[in-house]
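I have placed the structure first, in the form of structure tokens, so that the comments after it can refer back to it.
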Amino acid sequence: MKERIAQLKKEKNAVIMAHYYVPGEVQEIADYVGDSFALAKSAKNSDADIIVFCGVSFMGESAKILCPDKKVLMPDLTADCAMAHMVAPGKIAAMREQYEDLAVVCYINSTAELKCQSDVCVTSSNAVKIVRELPNQNIFFIPDRNLGRYVAEQVPEKNVILNDGCCPIHAELKAEQLLAAKAAHPEALVLSHPECEKEILDLSDYIGSTAGIINFAKKSEAKEFIICTEDGVAWQLQTDNPDKKFFFPEPSLCCKDMKRNTLERILAVLETEENEVEADPDRSKGALLPLDRMLELGK
Ligand code: 13P
Ligand code: SF4
């Protein structure tokens with residue numbers, strides 16, 4: 001299967017982009033593996049004719065918006081991010097009425113419809129930097145209340161208004177589970193994604209995006225780590241650091257949508273060129289502005 005995928009990629013000038021949460025065997029054959037920010041940049045800079053995007057729908061959609069001339073295929077078009085839809089209709093307009101200088105800051109984990117109504121997109125690796133640099137005093141952060149709260153703590157000079165959305169996967173993780181993992185591995189450093197609840201972040205030694213967690217573990221002199229994010233990151237962590245140990249609080253977090261990206265489905269879309277991501281032209285135009293602004297401010 002891997003040989004056939006490699007052959008088709010060559011024949012069709014296709015590349016495979018994969019998020020750190022997809023199955024390890026998919027990360028292994030991908031041309032680019034990264035966090036949401038790195039993948040958006042790679043899509044924008046790619047000179048391939050076809051991008052097979054192994055992630056969830058907001059990622060494929062963002063890639064299509066950033067490079068409308070390319071064919072973007074997803075191994076499974078039903079792979080979605082529940083959080084991407086979690087802003088109540090009319091909420092953004094209501095906030096804009098209430099605050100004159102409001103900036104709507106939209107986590108990239110959102111639909112194009114939400115991006116269209118926003119001033120700038122962010123990912124977990126650049127949200128603090130971008131919010132700090134915005135000229136606006138009032139920030140409406142959508143959809144993730146956990147990343148929003150973390151940003152508000154890092155940028156206390158701004159008034160960050162939170163929206164009641166969250167990642168249902170990360171929100172599952174409770175302090176007792178992490179405390180049990182810490183008790184079992186007292187020497188381990190705790191590395192957490194900012195989509196986790198405050199009770200987890202308060203117990204963490206490092207907070208960052210998936211790429212941030214992976215880079216931290218690689219550079220650290222510590223030998224043991226407890227990882228508070230989706231278990232797909234284990235593949236890169238273990239590949240980079242065969243001499244280090246990584247533990248996940250039990251039960252580990254698993255995003256079933258990310259796991260829909262299988263080798264079988266990649267091969268099928270490369271063969272048939274089905275599952276093409278379609279983006280509504282008006283919506284794409286509207287969503288491109290905040291995405292481009294993110295790429296500029298996030299540099
Ligand atoms: P990253 O931006 O850290 O890759 O996170 C994406 C995501 O979906 C986290 O749940
Ligand atoms: Fe969305 Fe959470 Fe899955 Fe990330 S882990 S894609 S935020 S549902």
Side-chain angles (χ1 to χ4, degrees), residues 17-23 26-27 30 32-43 53-63 66 74-87 105-111 114-115 121-131 141-151 163-173 191-197 200-201 204 206-217 227-237 248-249 251-261 291 294-295 298:
M17 297 193 178
H19 188 266
Y20 290 122
Y21 291 165
V22 304
V26 171
Q27 295 185 50
Y32 303 88
V33 187
D35 68 359
S36 325
F37 186 48
L39 291 172
K41 280 192 294 187
S42 304
F53 208 112
C54 305
V56 287
S57 54
F58 76 83
M59 295 179 172
E61 188 178 55
S62 299
L66 286 164
M74 291 195 70
D76 187 332
L77 283 174
T78 68
D80 197 8
C81 167
M83 179 166 66
H85 308 267
M86 288 188 192
V87 181
V105 175
C106 183
Y107 189 20
I108 196 167
N109 296 42
S110 57
T111 59
L114 290 171
K115 289 185 178 83
C121 287
V122 295
T123 73
S124 50
S125 67
N126 58 33
V128 170
K129 176 182 181 326
I130 291 179
V131 168
F141 194 97
I142 59 167
D144 186 13
R145 61 163 194 258
N146 287 320
L147 178 60
R149 188 201 56 250
Y150 173 69
V151 170
N163 169 73
D164 195 18
C166 69
C167 164
I169 316 294
H170 285 79
E172 281 282 298
L173 182 59
L191 318 185
S192 300
H193 197 281
E195 284 178 17
C196 293
E197 299 284 349
I200 300 296
L201 301 191
S204 301
Y206 171 81
I207 298 163
S209 72
T210 50
I213 289 172
I214 287 161
N215 290 337
F216 183 96
I227 306 297
C228 298
T229 191
E230 210 269 354
D231 61 8
V233 296
W235 188 82
Q236 190 70 52
L237 287 167
F248 288 77
S252 66
L253 306 180
C254 177
C255 178
K256 294 200 171 55
D257 286 86
M258 286 285 189
K259 304 301 189 237
R260 290 182 193 279
N261 294 280
L291 277 169
M294 171 186 79
L295 293 175

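Everything quoted here is computed from the prediction, not taken from an experiment. Counting convention: from 1, in listed order, for ligands and their atoms alike. Along the sequence shown, the residues carry numbers beginning at 1. Computed over heavy atoms, backbone and side chain alike; hydrogens, waters and symmetry mates excluded.
Panel detail: atom 2 (Fe) of ligand 2 has protein N, O or S atoms under 2.8 Å away, 1 in number.
Within the 4.0 Å heavy-atom shell around ligand 1 one does not find Met83. Put simply, part of Tyr21 is less than 4.0 Å from ligand 1, judged by heavy atoms.
With sequence neighbours left out, Ser57 forms a side-chain hydrogen bond (donor to acceptor under 3.5 Å, both in side chains) with Asp80. By the side-chain contact (heavy atoms from CB on, under 4.5 Å) test, Ala43 is found to be paired with Met17, Ile51, Ala63, Cys67, residues two or more places apart in sequence or in another chain being considered. For Asp231, the side-chain hydrogen bond (donor to acceptor under 3.5 Å, both in side chains) partners two or more places apart in sequence, or in a different chain, are Ser252, Lys259.
The nearest protein atom to atom 4 (O) of ligand 1, hydrogens excluded, is given as His19 NE2, 2.6 Å; this is a heavy-atom distance. When hydrogens are left out, the protein atom nearest atom 10 (O) of ligand 1 is Glu195 OE1, 2.7 Å; that is the closest non-hydrogen contact. Annotation: atom 8 (O) of ligand 1 to nearest protein heavy atom, Asn109 ND2, 3.0 Å. Here the heavy atom of the protein found nearest to atom 6 (C) of ligand 1 is Ser36 OG, 3.3 Å. Here the protein heavy atom with the shortest distance to atom 5 (O) of ligand 1 is His193 NE2, 3.3 Å. For atom 4 (Fe) of ligand 2, the nearest non-hydrogen atom of the protein is Tyr21 CE1, 3.9 Å.
Within ligand 1, counting atoms from 1 as listed, the ones closer than 4.0 Å to a heavy atom of Asp35 are 1 (P), 4 (O). Less than 4.0 angstrom separates some heavy atom of Ser124 from each of these atoms of ligand 1: 1 (P), 2 (O), 3 (O). The atoms of ligand 1 that sit less than 4.0 Å from any heavy atom of Ser209 are 3 (O).
At a heavy-atom cutoff of 4.0 Å, ligand 1 is contacted by no atom of Tyr20, backbone or side chain.
Checked against Leu191 for a side-chain contact (heavy atoms from CB on, under 4.5 Å), the options Leu237, Ile207, Ile227 give a single hit: Ile227.
Looking at heavy atoms from C-beta onward, Arg149 lies in side-chain contact with Leu201 at the 4.5 angstrom threshold.
Considering both main-chain and side-chain atoms, Thr210 comes within under 3.5 Å of ligand 1 through a nitrogen or oxygen pair.
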